[in-house]
Amino acid sequence: MPENSPMVRVHVNIELSATSLQAVVANAKKKAGADERGRYRVDTADSLSDLISKFLLETGFDEFARNLDNY
């Protein structure tokens, strides 16, 4: 697919390690910082979604998906 191909949002179930999820939550909280009450106002699910999308774009998922051997 060309680089300018339209993007679509899909909702899927994925398996990832608990360690990876803990890292995403911890880093999202660090990046957002706590408010004056010590609460973190960050949607960690959105952070995970953004991180996975970035990974797929940067690692050539389009080519990977076209390869029948990967199925």
Side-chain angles (χ1 to χ4, degrees):
M1 273 187 188
E3 296 252 344
N4 61 353
S5 177
M7 301 297 286
V8 295
R9 180 174 296 268
V10 294
H11 297 271
V12 298
N13 295 318
I14 62 169
E15 293 183 15
L16 71 153
S17 70
T19 302
S20 294
L21 183 56
Q22 288 171 335
V24 170
V25 171
N27 287 330
K29 288 171 71 174
K30 282 180 194 173
K31 189 168 182 177
D35 66 13
E36 64 280 349
R37 292 183 174 176
R39 295 181 182 150
Y40 294 90
R41 305 282 182 190
V42 61
D43 186 333
T44 54
D46 282 345
S47 297
L48 178 60
S49 175
D50 292 344
L51 189 62
I52 291 171
S53 293
K54 180 180 177 182
F55 176 80
L56 293 174
L57 284 170
E58 291 179 356
T59 58
F61 185 72
D62 286 346
E63 184 177 328
F64 181 86
R66 283 192 297 270
N67 186 338
L68 187 59
D69 293 335
N70 293 321
Y71 290 83

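Side-chain N or O atoms of N70 include one that pairs as donor or acceptor with a backbone N or O of F64 at under 3.5 Å. Of the possible polar contacts, one joining the Y71 side chain to the A65 backbone as a donor-acceptor pair under 3.5 Å is found.
For S17, the side-chain hydrogen bond (donor to acceptor under 3.5 Å, both in side chains) partners at least two apart in sequence or on another chain are S20. In this view, A32 and V42 satisfy the side-chain contact (heavy atoms from CB on, under 4.5 Å) rule, not counting sequence neighbours. Under the side-chain contact (heavy atoms from CB on, under 4.5 Å) criterion, D69 pairs with N67, not counting sequence neighbours. Contacts of V25 classified as side-chain contact (heavy atoms from CB on, under 4.5 Å), with partners at least two apart in sequence or in another chain: L21, K29, T44. By the side-chain hydrogen bond (donor to acceptor under 3.5 Å, both in side chains) test, R41 pairs with D35, sequence neighbours left out. Remark: D46 pairs with no residue by the salt bridge (charged side-chain N to carboxylate O under 4.0 Å, His left out) rule, at least two apart or across chains.
Within the model, atoms OH of Y40 and NZ of K30 stand 9.5 Å from one another, a figure rounded to the nearest 0.5 Å.
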Indicate every side-chain donor-acceptor pair of residues 49-59 with a distance under 3.5 Å to a residue at least two apart or in another chain.
residue: S53; atom: OG; partner: S49; partner atom: O; Å: 3.0
residue: T59; atom: OG1; partner: F55; partner atom: O; Å: 2.7

